[in-house]
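See structure below.
Please read these numbers as outputs of a predicted model, since none were measured by experiment. Every chain is numbered from 1, with letters handed out A, B, ... down the list of sequences.
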Amino acid sequence: MADIFVILPDGSRRTLPAGATACDLAADIGPGLAKAALIADIDGVAVDLSAPLADGQQVSIITADSDAGLETLRHSTAHVLAQAVLDMYPGATYAIGPPIEHGFYYDFDLPGGATISDEDLAAIEARMREIIAADQPFERHEASAAEGLELFAAHPYKREIIETVALAADAGKGGQSADELAEEVVGDGRISYYRNSDSFIDLCRGPHVPSTGRLGHFKLMSTAGAYWRRDAGRPSLQRVYGTAWASRQDLAAHLHRLAEAEKRDHRRLARELDLVSWPADLGPGLAVWHPKGAAVRRVIEDYSRRRHDEGGYESVVTPHIARSELWETSGHLDFYRESMYPAMELDGATYYPKPMNCPFHMLIFKSRQRSYRDLPIRMFELGTVYRYELSGAVHGLMRSRGFTQDDSHIFTTREQAPAEIASLVAFVLSVLRAFGFDSFDARLATRPVGKSVGEDAEWELATEALRDALQAAGLDYELDDGGGAFYGPKIDIDVQDAIGRSWQLSTIQVDFQLPERFGLEYVGADGKRHRPVIIHRALMGSIERFFGVLIEHYSGAFPAWLAPVQAAVLPVAAAHGDYAEEVATHMRNEGFRTEVVEAQEPLGRRIRATKLQKLPYVLVVGDDDVAHGTVGVNARGSDGDERGVPLETFVSRLAADVQAHR
RNA sequence: GCCCGAGUAGCUCAGUCGGCAGAGCAGCUGUCUUGUAAACAGCAGGUCGCAGGUUCGAUUCCUGUCUCGGGCUCCA
């Protein structure tokens with residue numbers, strides 16, 4: 001039999017006997033690769049290792065080091081989950097089970113509407129480990145749709161998938177439904193399925209790892225409800241989420257990250273550090289700010305105002321409610337109504353709480369005639385808005401029903417807009433960096449198909465301006481095709497926090513629509529009237545979310561410039577109380593946030609209690625300090641303490657920290 | 001809004017197979033405070049989320065409802 005050759009990723013050729021599989025190729029390259037191999041990529045198509053090779057193909061062997069390999073590992077683990085659940089719950093049926101970020105899920109319909117509790121997960125996981133220990137092969141088979149319907153006769157969701165595939169094939173098109181079903185089917189009207197054992201098969205496009213023994217670094221995480229095909233009108237299924245990784249170390253690292261994230265949860269820290277609370281009597285998504293939370297907020301807002309002053313913005317203030325006519329003009333009643341709080345009837349008029357500040361700023365622009373010489377006009381407001389978020393979407397400070405935007409609207413000429421956007425991106429990044437964020441993800445969202453207004457040329461121009469600004473700022477960005485607002489394209493900027501999570505904060509949106517709706521005009525150099533362009537911009541997004549992200553970013557240990565209490569003063573004994581007050585008063589006069597913890601309890605206990613509040617500095621004062629005008633400095637994160645530091649020396653040090661945003 | 005799960009003291013949680021509700025920490029009072037992460041003693045604290053129902057009796061069982069958590073969706 002003639003040999004064949006295949007081309008490896010490095011361009012080299014390798015000769016194999018005819019009939020060789022990808023698995024043989026891996027073994028031929030080396031035993032290490034053979035052991036690590038999960039699937040193969042043949043001419044750009046991911047396939048099982050058992051796939052036969054043909055002459056001249058480009059082949060690469062895929063391991064768990066790559067995204068594709070890890071995805072396969074997760075997908076295969078999902079199949080093991082399905083086998084375990086079907087095994088343990090007679091009469092249960094299964095829907096779909098794709099890989100997702102960090103792991104996988106699988107949706108089930110259990111007999112009699114049974115549910116899976118967290119306790120059940122341990123038992124399911126144990127069964128999964130048995131299946132993995134049995135090292136069952138993933139055997140690929142293909143069949144016609146008719147055969148598939150017979151194979152999965154007892155499983156209505158699988159049958160529905162097969163029927164949809166058959167329909168799509170009949171219609172002779174791939175289309176949207178085929179995309180959705182990509183995980184389960186081949187796509188040409190035939191189906192593929194994988195057999196693990198005599199009793200377990202699963203409809204699947206594949207590929208899969210060679211056998212269940214290749215899996216094992218996984219953990220079932222949680223259960224949730226989910227609709228079949230994401231449709232609230234369809235049956236509700238039990239979803240089981242799991243995480244899966246290439247190695248024990250990766251799994252442990254992931255679980256560690258989750259534990260860290262939980263420790264940093266701003267809802268927990270907000271309570272422990274007495275920053276913010278959500279009294280049930282207020283209703284979901286509405287927070288009250290306690291003195292310590294409000295102290296941090298004030299620093300955030302003061303800094304924001306200062307930067308805006310320096311950046312050529314003018315502060316404005318607008319009311320919280322407005323008559324329905326305003327919202328009709330702005331289009332919010334047409335486009336945003338379901339997110340607005342309901343109307344209030346008053347003196348024969350209808351008022352709505354504001355979900356956005358924009359229309360008010362339009363009215364300020366319109367209050368007098370504007371010249372091109374006035375532009376750009378940059379209005380800034382810490383504007384509190386109310387949005388009727390779905391109750392299930394509300395999440396601490398990250399997603400509230402009442403929140404304050406650091407909102408601005410910039411009115412420019414068309415010619416000025418590109419430069420204005422470019423400087424805006426730089427401004428946004430500069431402010432975010434000042435709060436300790438240095439890693440950003442940006443998205444450029446373009447014109448939504450169908451539901452948008454304006455001329456193509458305008459959209460093109462604005463999108464290019466946004467793109468140029470991103471490039472000028474040196475920001476990598478993803479394209480969110482069709483993700484723009486109905487009135488214009490936008491840039492969203494996410495920050496990455498200390499443990500690598502992404503949070504959406506800033507948004508910069510170009511708007512052609514509101515100037516039209518409000519009939520905004522300025523007089524140009526030519527003496528004629530022109531429409532300005534509006535740039536909407538929220539920098540921190542909302543002060544609430546920004547604060548929540550800061551809490552999680554710093555794990556509650558705010559840098560000195562933000563900390564609600566910058567230094568606590570602890571007298572060693574009651575006799576040093578007066579000196580402690582003197583020290584505190586002096587520091588307050590210097591502009592620092594200071595509190596005294598009186599000597600009503602032993603020093604060690606007070607130090608512990610104060611340390612748990614994560615303050616930047618704990619100052620201890622005793623006999624020596626009273627005698628010499630010094631303090632004992634215990635800095636957060638340092639080992640031990642420094643004795644006999646002159647008060648002025650400490651004040652300078654704290655001032656330097658604040659200055660440097662440490 | 002929908003699906004799944006959970007609501008017991010300020011917090012973390014135990015408990016009641018339907019019969020006077022518990023711990024630790026926090027709090028308060030007293031004694032004690034003497035140099036860097038938990039002094040000692042005592043006290044107080046709960047309509048067992050809320051409203052109905054079943055029952056001699058409900059925190060416990062049933063129904064509804066509210067809130068929270070995890071998802072879906074959406075977003076600052």
Side-chain angles (χ1 to χ4, degrees), chain A residues 100 105 107 113 115-119 221-241 265 267-268 271-272 274 277-285 336 338-339 355-356 383 385 387-400 403-407 483 485 492-494 503-507 509 536-546 548-549 570-577 598-613 618-626 631-635 638-644:
Chain A
I100 54 174
Y105 69 79
D107 286 345
T115 58
I116 294 172
S117 69
D118 286 353
E119 291 85 72
M221 302 302 288
S222 60
T223 59
Y227 295 112
W228 170 236
R229 292 285 177 233
R230 290 190 176 181
D231 180 346
R234 308 296 307 273
S236 171
L237 305 172
Q238 274 280 296
R239 176 170 296 178
V240 177
Y241 281 94
D265 190 315
R267 294 165 298 183
R268 169 201 184 111
R271 189 184 59 237
E272 288 175 0
D274 197 17
S277 66
W278 292 267
D281 288 344
L282 293 189
Y336 207 73
E338 74 282 1
S339 293
M356 293 187 190
V385 298
R387 297 185 187 174
Y388 188 78
E389 296 292 343
L390 294 179
S391 62
V394 165
H395 178 88
L397 290 171
M398 304 305 193
R399 192 82 180 273
S400 314
F403 60 94
T404 300
Q405 294 183 301
D406 60 334
D407 208 358
D492 287 328
I493 298 175
D494 297 357
W503 303 96
Q504 191 192 329
L505 298 179
S506 312
T507 183
Q509 311 180 349
H536 300 253
R537 187 237 60 186
L539 200 166
M540 297 168 183
S542 89
I543 305 296
E544 283 75 4
R545 178 181 288 179
F546 192 70
V549 172
L570 279 57
V572 169
H576 314 111
E598 289 176 23
Q600 284 165 354
E601 287 172 318
L603 182 62
R605 185 183 179 85
R606 283 179 285 140
I607 287 173
R608 176 180 154 78
T610 314
K611 283 292 196 182
L612 290 173
Q613 291 296 302
V618 177
L619 305 181
V620 175
V621 294
D623 288 335
D624 296 346
D625 299 298
V626 173
V631 293
V633 178
N634 185 329
S638 69
D639 306 329
D641 56 289
E642 306 154 52
R643 296 281 175 85

Any N or O donor-acceptor pair linking the side chain of A/R268 to the base of B/C11 at under 3.5 Å? no

Looking at A/D641 and B/G35, is any side-chain donor or acceptor paired with a base atom of the opposite kind under 3.5 Å? no

Short side-chain N/O contact to [N] OP1/OP2 from [X], under 4.0 Å:
| X | N | answer |
| --- | --- | --- |
| A/R239 | B/C72 | no |
| A/R267 | B/C11 | no |
| A/H395 | B/G70 | yes |
| A/Y336 | B/C75 | no |
| A/R606 | B/A38 | no |

I'd like to know whether A/I100 forms a side-chain contact (heavy atoms from CB on, under 4.5 Å) with A/Y105, so could you lay out the CA-CA distance, the side-chain angles of the two residues, the decisive distance to 0.1 Å, and finally the verdict. CA-CA 7 Å; A/I100 54 174; A/Y105 69 79; 3.8 Å; yes

[X] side chain: which of [options] is closest?
| X | options | result |
| --- | --- | --- |
| A/P602 | B/U36, B/A39, B/U33 | B/A39 |
| A/R271 | B/C75, B/U12, B/U33 | B/U12 |
| A/T507 | B/A76, B/U12, B/G35 | B/A76 |
| A/Q504 | B/G1, B/A37, B/A76 | B/A76 |

Give the rounded distance in Å between these two atoms: [atom1] of [X] and [atom2] of [N].
| X | N | atom1 | atom2 | answer |
| --- | --- | --- | --- | --- |
| A/R643 | B/U34 | CZ | P | 14 Å |
| A/Q600 | B/U34 | CD | P | 14 Å |
| A/R608 | B/U33 | CZ | P | 23 Å |
| A/W228 | B/C72 | CH2 | C1' | 15 Å |
| A/W278 | B/U67 | CH2 | P | 16 Å |
| A/R399 | B/G69 | CZ | P | 13 Å |
| A/Q405 | B/C75 | CD | C1' | 11 Å |
| A/E389 | B/A76 | CD | P | 9 Å |

For [N], what is the paired nucleotide under Watson-Crick or G-U wobble rules, both distances under 3.5 Å?
| N | value |
| --- | --- |
| B/C40 | B/G30 |
| B/C74 | none |
| B/C50 | B/G64 |
| B/U12 | B/A23 |

Polar side-chain atom of A/R537 near backbone of A/D406 as donor-acceptor pair, under 3.5 Å: yes

Both A/P284 and A/D623 contact RNA chain B. Taking the nearest nucleotide for each, which residue is further toward the 5' end? A/D623

5'-most by nearest nucleotide on RNA chain B - A/R605 or A/V394: A/R605

